[in-house]
Amino acid sequence: EVQLVESGGGLVQAGGSLRLSCAASGFTFDDYAIGWFRQAPGKEREEVSCIQRRDGSTEYADFVKGRFTISSDNANDAVYLQMNSLKSEDTAVYFCAADEIPACPLKIAPGGGYWGQGTQVTVSS
């Protein structure tokens, strides 16, 4: 059973930094893509960034380019999101997600993929 557990969320001032971690386990397929989504109250879930395990290729949403960096530790099946220059509009629940289709951006079918429980990020003005 694939399990994804996020940590590192919290309250931070605008302009500050935060580092999210996703501990992954239970993968049985040869290759996969893993990354981060976020969802703010009243808004749809949106993809933030992802990384492809085998070749390390990455993708970023336009609204985080130059501010966020995704990285991974293949030995531990862990993924991280370093968030710098945080803005109030970054406030959301951040979810770690993975899919056996090893492509970025993540292309998770409706009802598919693997998801963590989410971690709250709140950026104050």
Side-chain angles (χ1 to χ4, degrees):
E1 178 184 357
V2 174
Q3 291 186 322
L4 304 174
V5 181
E6 305 96 331
S7 62
L11 175 64
V12 64
Q13 292 182 325
S17 298
L18 211 57
R19 179 178 166 89
L20 305 184
S21 298
C22 175
S25 63
F27 288 104
T28 60
F29 30 88
D30 294 336
D31 199 10
Y32 58 89
I34 188 167
W36 297 90
F37 287 73
R38 71 185 188 186
Q39 187 169 26
K43 297 183 178 180
E44 65 182 17
R45 185 174 294 181
E46 59 187 354
E47 188 167 354
V48 176
S49 182
C50 77
I51 185 167
Q52 195 273 314
R53 186 180 187 278
R54 181 172 293 173
D55 64 15
S57 62
T58 59
E59 290 286 344
Y60 295 92
D62 287 342
F63 52 81
V64 303
K65 287 181 179 177
R67 300 190 297 123
F68 292 9
T69 302
I70 190 169
S71 61
S72 64
D73 180 348
N74 287 349
N76 296 321
D77 285 327
V79 64
Y80 308 94
L81 186 68
Q82 179 66 46
M83 305 185 295
N84 298 325
S85 301
L86 283 162
K87 306 173 181 179
S88 60
E89 53 262 44
D90 294 319
T91 296
V93 177
Y94 284 71
F95 297 89
C96 183
D99 193 73
E100 63 187 62
I101 299 175
C104 288
L106 285 161
K107 299 183 183 298
I108 301 176
Y114 305 95
W115 296 85
Q117 81 289 345
T119 185
Q120 177 70 48
V121 172
T122 303
V123 184
S124 62
S125 300

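Keep in mind that the numbers below use all heavy atoms, side chains included, and drop hydrogens, waters and symmetry copies. Quick caveat: nothing in here was measured; it's all calculated off a predicted structure.
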Exercise. So, do Phe37 and Tyr94 have ring centers that fall under 6.0 Å from each other?
Worked result: no

Problem set entry | Glu46 versus Gln39, side-chain donor and acceptor atoms under 3.5 Å | no

Exercise. Please walk me through it: do Asp90 and Phe68 pass side-chain contact (heavy atoms from CB on, under 4.5 Å)?
Worked result: CA-CA 11 Å; Asp90 294 319; Phe68 292 9; 4.0 Å; yes

Atom pair [atom1] ([X]) and [atom2] ([Y]), whose distance is rounded to the nearest 0.5 Å:
{"X": "Ser25", "Y": "Gln3", "atom1": "OG", "atom2": "CD", "value": "4.5 Å"}
{"X": "Glu1", "Y": "Thr28", "atom1": "CD", "atom2": "OG1", "value": "11.5 Å"}
{"X": "Thr122", "Y": "Leu18", "atom1": "OG1", "atom2": "CG", "value": "9.5 Å"}
{"X": "Ser17", "Y": "Met83", "atom1": "OG", "atom2": "CE", "value": "8.5 Å"}
{"X": "Lys107", "Y": "Cys50", "atom1": "NZ", "atom2": "SG", "value": "9.0 Å"}

Which heavy atom of [X] sits nearest a heavy atom of [Y], and at what distance?
{"X": "Thr69", "Y": "Tyr60", "result": "CA-OH, 3.4 Å"}
{"X": "Cys104", "Y": "Ser57", "result": "SG-O, 4.1 Å"}
{"X": "Ile108", "Y": "Ala97", "result": "CD1-CB, 3.9 Å"}
{"X": "Ser21", "Y": "Trp36", "result": "O-CH2, 3.6 Å"}

Problem set entry | Within 45° cone and under 6.0 Å: Arg38 NZ/CZ vs Phe95 ring | no

State plainly whether one hydrophobic cluster holds both [X] and [Y], where clusters connect Ile, Leu, Val, Met, Phe, Trp and Tyr through side-chain heavy atoms under 4.5 angstrom apart.
{"X": "Val12", "Y": "Val93", "answer": "no"}
{"X": "Phe63", "Y": "Leu86", "answer": "yes"}
{"X": "Tyr80", "Y": "Tyr114", "answer": "no"}
{"X": "Tyr32", "Y": "Leu81", "answer": "yes"}

Exercise. Under the side-chain contact (heavy atoms from CB on, under 4.5 Å) criterion, do Lys87 and Arg67 qualify, and how do the steps go?
Worked result: CA-CA 10 Å; Lys87 306 173 181 179; Arg67 300 190 297 123; 3.9 Å; yes

Exercise. Are the charged groups of Arg54 and Asp31 less than 4.0 angstrom apart, N to O?
Worked result: yes

Expected output: side-chain [X] to main-chain [Y] donor-acceptor under 3.5 Å:
{"X": "Glu47", "Y": "Leu106", "value": "yes"}
{"X": "Thr91", "Y": "Val123", "value": "yes"}
{"X": "Gln13", "Y": "Gly16", "value": "no"}

For this session: Test Ile34 against every option in Leu4, Asp77, Asp99 by the side chain to side chain contact (heavy atoms under 4.5 Å, CB included) rule and name the one that passes.
Result: Leu4

Problem set entry | Val79/Leu20 under side-chain contact (heavy atoms from CB on, under 4.5 Å): CA gap, chis, key distance, verdict | CA-CA 8 Å; Val79 64; Leu20 305 184; over 6 Å; no

